[in-house]
2 protein chains.
Amino acid sequence: MNPKSLPDKTIERLSQYRRNLLICLSQGKHHIFSHEIAQIHHITPVQVRRDLMLIGYSGTLRKGYDVRELIDLIGKILDTEQGLKVAIVGVGNLGRALIGYFSGKRSKLNIVAGFDNNPDKIGKIYAGVHCFSSEKMSEIIVQEGISIAIITVPAENATSVAEQLVMAGIRGILNFSPKPLNVPPHVYLEEIDMITSLEKVAFYVKKHL
Amino acid sequence: MNPKSLPDKTIERLSQYRRNLLICLSQGKHHIFSHEIAQIHHITPVQVRRDLMLIGYSGTLRKGYDVRELIDLIGKILDTEQGLKVAIVGVGNLGRALIGYFSGKRSKLNIVAGFDNNPDKIGKIYAGVHCFSSEKMSEIIVQEGISIAIITVPAENATSVAEQLVMAGIRGILNFSPKPLNVPPHVYLEEIDMITSLEKVAFYVKKHL
DNA sequence: TTCACATTGTTATTATAATAACAATAATAA
DNA sequence: TTATTATTGTTATTATAATAACAATGTGAA
Ligand SMILES: NC(=O)c1ccc[n+]([C@@H]2O[C@H](COP(=O)([O-])OP(=O)(O)OC[C@H]3O[C@@H](n4cnc5c(N)ncnc54)[C@H](O)[C@@H]3O)[C@@H](O)[C@H]2O)c1
Ligand SMILES: NC(=O)c1ccc[n+]([C@@H]2O[C@H](COP(=O)([O-])OP(=O)(O)OC[C@H]3O[C@@H](n4cnc5c(N)ncnc54)[C@H](O)[C@@H]3O)[C@@H](O)[C@H]2O)c1
């Protein structure tokens with residue numbers, strides 16, 4: 001029940017379980033077995049039960065898990081009650097795609113601002129998200145109490161943007177630029193490196209060629 | 001020297017090393033120490049040396065590693081000589097951003113086709129990449145010898161698209177849809193789940209709040 | 001009632017990755 | 001020349017994650 005000690009990979013899977021449990025619920029499915037959850041995610045039932053054990057959730061023998069209860073428990077672990085505010089820095093091709101994708105989806109994670117240094121973009125609204133000048137970034141982050149930032153600026157500006165974000169009090173960063181970033185320990189950093197992902201696919205394709 | 005046995009994480013780092021080594025080279029830096037590579041990626045020098053040991057590369061004592069040689073060796077491991085062809089299925093917001101991002105960058109991984117089922121998009125060219133009807137997908141994949149596919153269709157269509165791709169002989173898939181896919185063992189699958197990544201950031205932010 | 005068994009929950013083992021410890025050596029300084 | 005040191009290369013240890021083994025138990029069939 002102590003979320004401080006949950007394995008990283010379990011956190012990832014909880015997020016995925018929840019998404020698909022919500023779909024189950026919407027289809028009128030109220031109970032689910034570990035092997036059913038496993039099948040959806042292409043993992044083993046043991047892995048599922050172990051994850052649920054770690055979060056202290058018990059199912060009913062021969063009846064499985066209560067979908068609603070499980071969704072709620074995962075929410076208690078992953079979400080904060082009031083939700084967290086998110087900003088996107090760099091409203092370019094990827095930034096705009098992400099705004100469209102994320103905004104309105106998660107009730108507990110709201111994109112409340114975009115920042116860009118291109119005058120053409122400043123003042124515009126994308127999928128309901130206002131794009132501000134990056135000069136006002138620190139100010140707005142503090143004012144609005146934004147705690148998470150998504151970095152989608154070109155690689156050459158990613159380092160300085162990250163520094164500004166840290167200075168402004170951001171607590172978590174999701175970095176899409178291929179530039180490795182360095183942040184102090186109190187800031188959580190997650191990097192999505194699509195070039196590496198694609199090259200990895202290529203490597204394994206080559207291997208099995 | 002046997003690339004069959006390289007750890008997955010080493011493969012990822014090799015891709016990243018190479019990218020930054022190319023930048024070093026372009027800046028006229030011809031030799032580099034393990035602690036310099038480490039600093040760029042915010043890892044330990046030991047990790048770097050271990051990776052290089054695993055690929056059988058030796059540096060020179062007190063002089064470090066030859067940047068050019070290292071880049072070439074990583075290329076020998078990650079790339080195929082003739083390169084591999086890549087297709088993007090789903091030329092929507094994300095698909096188009098990716099086309100713009102990837103095309104023309106990597107000489108050994110070329111996006112040679114896009115596929116969509118929306119008539120408005122079929123026949124159009126995005127950043128030099130022709131968008132074809134998804135009905136012609138199998139045909140063109142076989143014809144062109146495309147071995148890698150990037151899936152950027154809506155979740156509800158991801159499963160059927162993946163099946164078609166496997167049937168057409170695709171050997172590696174990079175899936176951006178949040179739908180977990182199932183592919184036979186001879187097809188390598190890499191999934192990028194941005195919702196999970198963002199929720200993970202939120203979890204750790206909450207934890208340290 | 002009793003037994004079989006489907007399913008959960010937990011512990012033990014193994015696999016993978018990261019870190020630490022240390023051995024080797026060539027360049028430099030004394 | 002010899003000692004020092006910066007740096008590489010390798011082995012040993014520890015940490016993390018996945019898998020396997022198995023114990024527990026309520027349900028329903030016989
Ligand atoms: N496009 C993709 O599909 C894709 C995929 C993977 C990674 N990336 C990475 O994401 C980043 C953005 O890619 P993109 O294709 O959207 O590029 P883009 O050029 O379309 O967008 C970048 C945006 O950032 C803005 N910007 C630049 N410097 C800034 C600063 N200091 N502060 C605020 N805004 C600033 C620019 O004005 C522009 O709007 C890059 O680092 C790229 O490597 C992109
Ligand atoms: N937009 C993002 O930033 C983002 C981020 C993460 C994940 N994703 C995922 O990527 C996928 C695409 O997102 P998007 O925002 O680009 O959506 P989108 O609606 O803009 O694009 C989807 C495209 O796929 C095409 N399509 C639909 N069914 C198809 C089929 N069977 N064959 C071929 N083409 C088909 C549509 O015509 C459309 O052009 C979704 O699964 C989404 O969950 C998107």
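Small disclaimer: the values here were computed from a predicted structure and weren't measured.
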### Query
What are the 5'-most and 3'-most nucleotides of DNA chain C lying under 4.0 Å from any heavy atom of chain A?
C:dC5 to C:dA12
## Note on the structure
Walking DNA chain D from its 5' end, the first of A:Arg62 and B:Tyr57 to be reached, judged by nearest nucleotide, is B:Tyr57
### Task
To the nearest 0.5 Å, tell me how far B:Ile55 CD1 sits from B:Leu73 CG.
4.0 Å
### Task
May I ask which nucleotide in the shown strands pairs with D:dT14, Watson-Crick or G-U wobble, both distances under 3.5 Å?
C:dA17
### Message
Within residues 34-47 of chain B, which residues have any heavy atom lying less than 4.0 Å from an atom of DNA chain D?
### Response
B:Ser34, B:His35
#### Entry: Closest non-hydrogen atom pair, A:Ile146 against A:Ala113
CD1-CB, 4.3 Å
### Query
Are B:Lys76 and B:Asp72 ion-paired here, with the side-chain N under 4.0 Å from a carboxylate O?
no
Expected list for residues 18-33 of chain B: side-chain donor-acceptor pairs under 3.5 angstrom, two or more places apart:
residue	atom	partner	partner atom	Å
B:Arg18	NH1	B:Asp79	OD2	2.7
B:Arg18	NH2	A:Glu199	OE2	3.1
B:Arg18	NH2	B:Asp79	OD1	3.3
B:Arg19	NH1	A:Pro178	O	3.1
B:Arg19	NH1	A:Asp193	OD2	3.3
B:Arg19	NH2	A:Asp193	OD1	3.0
B:Arg19	NH2	A:Asp193	OD2	2.6
B:Arg19	NH2	A:Thr196	OG1	2.8
B:Asn20	ND2	B:Gln16	O	3.1
B:Asn20	ND2	B:His41	NE2	3.1
B:Ser26	OG	B:Ile23	O	2.7
B:Lys29	NZ	B:His31	O	3.4
B:Lys29	NZ	B:Glu36	OE2	3.1

### Message
What's A:Thr10 touching, base or sugar-phosphate or nothing? Going by heavy atoms closer than 4.0 Å.
### Response
nothing
### Message
Quick check: any donor-acceptor pair below 3.5 Å linking the side-chain of B:Arg49 to the base of D:dT7?
### Response
no
### Message
Return the CZ to OG1 distance between A:Phe176 and A:Thr152, rounded to the nearest 0.5 Å.
### Response
8.0 Å
### Query
Does a side-chain N-to-carboxylate-O contact under 4.0 Å join A:Asp8 and B:Lys200?
yes
### Query
Which atom names give the shortest non-hydrogen contact between B:Ser147 and B:Leu84, and what distance separates them?
OG-CD2, 3.6 Å
### Query
Atom OG of B:Ser34 and atom CE of B:Met53: how far apart are they, to the nearest 0.5 Å?
13.5 Å
